[in-house]
Amino acid sequence: MKLALLANISFYIPELIAILTMCSLLFFEAAYSDEERKRTFVYIVGLIGLAVCMIMLVANLGTEPKSLFAKAVVIDNFSTSMKMIMVLGTLGTFYISYKSNDIYESLKSEYLVMAVGVLVGGMLLASANNMLTLYLGVETLSILSYVMTSMKRKDSLSTEAGMKYALYGGITAGVMLFGISHLYGIFGSIHFAEIAAAIPALEGAKLTAAIVAFLLFFVGLGYKVAAFPFHMWSPDVYQGSPIPVTAFFSIVPKLAGIAAIVRVSTTLFGGDSSMSLTWIAFLKVTAIMTMTVGNISALNQESVKRMLAFSSIGHVGMLLMGVIVMNEMGTNAILYYALIYMFMTLTAFLVTCLVSNRYGSDKMVYFRGLVNEHPLMAISFTIILFSLAGVPPFGGFIAKFNIISAAIDSKLYTISFIAAINSVIALYYYLRLAKTMILDPSDGKDQLRGASFVSHLVVAGLTIPVILLGIFWGKIYHLYSFAKLYIDS
Amino acid sequence: MSGILNLILWLPVVGMIGVLVTPKGKDQLVRYISLGATALTFIVTILLYLRFDESNPNVQQVFQVPWIEQFHINYALGIDGISLPMILLTGLLFFICILSSWTITKSVKAYFALLLMLESSVFGVFMSLDFFLFYVYWEVMLLPMFFLIGIWGGENREYAAVKFFLYTFFGSIVMLVGIIALYYATGKGPDSFSILALQGGHFTDMTVNVFGTDFSFEKLFFWSMFLGFAIKVPIFPFHTWLPHAHVQAPTAVSVILAGVLLKMGTYGFLRIAFPIFPSAAVEYSTAIAILGVISVIYGAFCAMAQNDVKKLVAYSSVSHMGFVMMGLAAMTIQGMNGAVLQMFNHGTSTAMMFLMIGVIYERSHHRWIVRPDGTKGYGGIAAHLPRYTVVFIIGMFASLGLPGLSGFISEALIFLGIYQRFTTITVIAVLGLLIGAAYLLWMYKRMFFGEPSDEVKSYSDMNAREVFYMVPLCIAVIVFGVYPAPILNIMKSSVGQLVELMAQFQ
């Protein structure tokens with residue numbers, strides 16, 4: 001038995017490599033004395049570590065899905081694909097953090113250690129197959145996130161955001177744990193599969209108690225993905241955090257949370273018991289409210305970072321819509337959306353980071369006439385904005401198309417219409433920024449600092465996939481069609 | 001399989017790439033490349049016309065390759081008698097627009113590149129036989145339009161560009177839900193995105209549940225398509241974006257907008273909304289006819305109240321597109337033929353009007369018939385600019401529907417068609433013609449007669465380039481006014497087939 005557990009490790013190599021990377025980053029951080037050389041070196045170590053991690057994930061793709069460590073984690077193609085997107089996202093934020101003035105000066109490379117730490121938590125969350133692993137994942141994600149938020153040490157907004165995040169996170173984690181303990185009391189198990197098997201037999205007071213307990217349990221997950229009504233922390237935290245951290249928060253914890261919600265929903269509530277119907281009805285309301293509230297709140301933001309934060313709440317609503325579908329189409333659509341969303345978010349934040357480096361602020365006015373000084377940056381960002389809004393022929397359109405398709409396939413017409421209307425609301429604020437960058441005259445600004453050739457290359461390199469995935473998406477979509485969710489019984 | 005449609009579709013894109021790779025500062029070269037690309041495209045559209053089989057009501061020159069196989073999405077192109085006139089019109093108008101844009105000096109490269117991109121996407125809309133492809137082109141068209149209005153437009157251009165984009169996007173995203181719903185309603189089969197296979201009223205008996213209530217599938221999604229197309233046409237009450245977009249857009253973009261893009265809306269009705277949901281279309285034809293007649297009257301009254309001559313012509317487009325909608329709602333042979341002919345004729349006559357306004361704007365830098373402070377804007381042009389006056393008169397009378405010029409025939413056909421079904425509406429709509437004549441003649445009187453002011457005296461008459469690009473339109477307006485048979489022959493059999501289909505559901 002013990003040997004069998006040990007043998008499981010061979011499927012857990014990507015996570016181990018990520019942990020190893022984190023440890024070696026800590027080690028090299030301490031070992032070097034020359035600050036500048038250390039910085040470069042540490043970045044290279046981080047890059048290599050995550051690249052290896054990525055390769056290992058790719059190697060895991062083809063294997064049979066299985067549950068490891070006494071069914072505590074599941075390795076299947078869905079979780080592996082999600083992890084790949086998270087690792088790519090983390091790599092992208094490395095570059096932003098390398099460029100960003102927000103962290104530099106006071107902190108040199110601590111960002112990497114914590115980002116990889118959160119990534120490990122995210123990977124755990126994406127594979128979690130019982131309540132405790134899930135809780136562990138959420139907490140690993142959260143605790144490091146609080147620190148990352150306050151990385152701009154001298155900035156009062158950043159400190160405030162860190163405090164808010166920690167308080168909010170602490171409370172929701174407590175509520176979640178409270179729910180989990182109830183669930184254990186009701187079902188006598190923490191394994192998803194065992195709970196799922198017991199759900200149909202529930203009735204009377206036990207059923208009511210279970211519904212309440214599941215809702216409490218959802219609080220923790222909802223807070224992690226910033227779903228309505230647990231999204232209150234997110235704008236302040238996003239605005240207060242340094243830009244690379246904001247970019248990171250909009251990708252890794254969100255996608256990890258979505259992956260967990262997908263697994264919980266599909267494993268626990270796949271049947272048509274009254275419990276499942278309640279859960280889905282609840283998710284429906286949450287999805288509708290999340291996208292609507294997110295998009296409406298984004299309308300009049302002056303801070304681009306804050307606008308992107310609200311817009312990412314809107315996107316979570318779309319992703320939740322994919323969860324409600326509860327079938328393979330839904331998960332495929334979610335994976336595709338996550339991939340595109342990762343590219344779009346990275347580009348958006350990289351350009352925002354460069355502008356904010358130059359002006360010390362990410363207010364929309366500083367984007368005025370960007371196209372005159374940096375045509376490539378402005379055009380790429382504009383493409384990204386159109387893509388975020390879901391205008392063809394860009395990837396964001398296909399992502400939305402797939403999610404709405406999955407919903408309509410399951411006869412969810414109401415939510416599809418609401419999602420469609422939401423796209424129009426979202427388009428307004430994206431257009432506002434696009435208009436500012438392209439149509440408004442510039443006020444004779446200087447070149448952006450740090451907008452080197454490499455930055456241009458990175459921006460182009462992140463935008464091109466968004467265009468290609470909008471036109472030739474058949475192949476990638478086909479790849480995802482085998483990314484089935486594994487439900488062990 | 002035929003490549004000629006691909007040639008038309010991608011020639012502008014080749015031109016666009018050519019424009020983009022031209023080194024900085026070679027503006028004149030950029031203009032010639034664009035001119036060459038559009039001229040070649042126009043020549044190919046004429047070749048397409050020569051190869052067109054007028055007796056065949058079905059789509060021709062089909063080109064189809066799989067695009068996304070899992071969803072059965074194809075890159076499918078084809079034309080029939082309804083789309084060919086639009087393609088000819090598009091080819092001609094873009095060629096003329098490049099010529100009329102010769103004087104643009106702000107970011108020349110970007111301007112011509114966007115214009116060429118627009119041309120390609122417009123062709124895409126008129127050629128697509130695949131619903132997904134259609135939607136992609138329908139939306140892609142918004143991007144160049146947004147920038148063309150927003151960068152090269154008038155004072156309030158940004159507001160106009162954003163409003164245009166939002167309005168159209170709203171309509172089309174609601175349409176997208178309909179497209180996806182159709183895909184699943186047909187069982188995700190190999191023909192689920194094929195516009196032609198969806199036609200014929202297969203969805204009459206299905207129901208859907210939205211907002212907790214059961215709706216008829218056919219009716220619900222007819223309206224979702226209706227919204228998308230009606231905003232584009234635009235039919236009252238969805239027309240409010242149009243005056244802003246027109247007034248702010250640069251001349252060439254106004255020409256394209258009025259000449260071609262508005263027709264995409266009515267084309268959508270002809271190709272998609274009517275044949276796919278025939279019984280809903282028949283059921284609601286009265287409502288559509290009423291909205292059409294409101295557009296006619298309301299647009300005409302709005303036009304009469306304008307002091308900005310471009311806004312006046314913009315509202316006249318609302319009015320004239322109302323006639324097209326009435327013709328469609330009639331669902332009779334004459335009405336439908338009249339509608340398609342009116343789409344073509346309005347394209348040429350309104351393009352003339354906008355071009356002529358552009359010509360005078362280049363000299364005066366204002367467009368006031370009467371300035372906001374009550375003083376006279378233009379006046380006495382007739383005495384001073386003879387060439388301009390002659391061309392303007394031709395365009396105006398074509399627009400007004402004077403017998404012998406193109407507008408008359410199509411409007412007469414529409415009235416013939418609609419009288420059989422909606423007598424009252426016809427009577428009211430005839431009043432629209434009267435108001436139309438009134439506002440155009442009144443405009444003409446105020447702009448052209450009287451003593452020329454010193455400012456008007458300083459204007460130069462049309463130069464050779466301007467005369468050159470107006471000539472083809474003058475010819476089209478006169479020739480098709482006297483002898484509309486060439487255009488009618490193209491569309492006759494395809495329109496006949498559509499009318500037969502609609503008749504089955506009446």
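A, B, ... follow the sequence lines: proteins, then strands. Residue 1 opens every chain.
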TODO: With rounding to the nearest 0.5 Å, note down the distance linking CZ in F170(B) to CG in L427(A).
DONE: 12.5 Å
- [ ] Would you please indicate yes or no on a ring centroid separation below 6.0 angstrom for F386(A) and F165(B)?
- [x] yes
TODO: Please flag which part of I398(A) lies under 4.5 Å from any non-hydrogen atom of chain B: side chain, backbone, both or neither.
DONE: side chain
Task: Contacting region of I471(A) [heavy-atom separation from chain B under 4.5 Å] - done: both
Open item on the list: Taking side chain as everything from C-beta outward and backbone as N, CA, C, O, which of these in L176(B) sits under 4.5 Å from a heavy atom of chain A? Side chain, backbone, both or neither.
Closed with: side chain
Task: F71(B) portion near chain A, given a 4.5 angstrom heavy-atom threshold - done: side chain
Task: Part of L142(B) within contact of chain A (heavy atom distance under 4.5 Å) - done: neither
Open item on the list: Under 4.5 Å from any heavy atom of chain B, what part of N402(A) do you find: side chain, backbone, both or neither?
Closed with: side chain
- [ ] Under the side-chain contact (heavy atoms from CB on, under 4.5 Å) rule, what do F146(B) and L439(A) come out as? Steps first, then yes or no, please.
- [x] CA-CA 10 Å; F146(B) 175 70; L439(A) 309 189; 4.2 Å; yes
- [ ] Could you check whether the rings of F221(B) and F417(A) sit parallel, tilted or perpendicular, using 30° and 60° as the cut-offs?
- [x] parallel
Task: Pairwise distance CZ(F147(B)) to OG1(T382(A)) - rounded to 0.5 angstrom - done: 5.5 Å
Open item on the list: Nearest 0.5 angstrom please: E158(B) CD to L431(A) CG, how far?
Closed with: 11.5 Å
Open item on the list: Out of I415(A), I438(A), L412(A), I425(A), return the one with the most heavy atom pairs under 4.5 angstrom to chain B.
Closed with: I438(A)
Open item on the list: Quick check on the 6.0 Å ring-centre criterion: do F132(B) and F401(A) meet it?
Closed with: yes
Task: Options D409(A), T414(A), I404(A), ranked by heavy-atom pairs under 4.5 Å with chain B, top entry - done: D409(A)
Open item on the list: For I408(A) versus A181(B), what's the shortest heavy-atom pair and its separation?
Closed with: CG2-CA, 3.7 Å
Open item on the list: Under 4.5 Å from any heavy atom of chain A, what part of Y137(B) do you find: side chain, backbone, both or neither?
Closed with: neither
Task: Heavy atoms of other groups near Y184(B) OH, more than 12 under 6.0 Å - done: yes
TODO: Could you pull out the closest heavy-atom pair between S416(A) and V177(B), with the gap in Å?
DONE: O-CG2, 4.1 Å
Open item on the list: Does any backbone or side-chain atom of A389(A) lie under 4.5 Å from a heavy atom of chain B? Answer side chain, backbone, both or neither.
Closed with: backbone
Task: Heavy atoms of other groups near E69(B) CD, more than 12 under 6.0 Å - done: no
Open item on the list: So, taking the atom named CD1 in I180(B) and the one named OH in Y413(A), what distance separates them when rounded to the nearest 0.5 Å?
Closed with: 10.5 Å
Task: For V140(B) against P393(A), the heavy-atom pair lying closest together - done: CG2-CD, 3.5 Å
TODO: Can you tell which part of W138(B) gets under 4.5 Å to a heavy atom of chain A, answering side chain, backbone, both or neither?
DONE: neither
- [ ] Would you name the heavy atoms of V424(A) and L166(B) that are closest together and state the gap between them?
- [x] O-CD2, 3.5 Å
Open item on the list: Less than 4.5 Å to any heavy atom of chain A: does that hold for the side chain of I73(B), its backbone, both, or neither?
Closed with: side chain
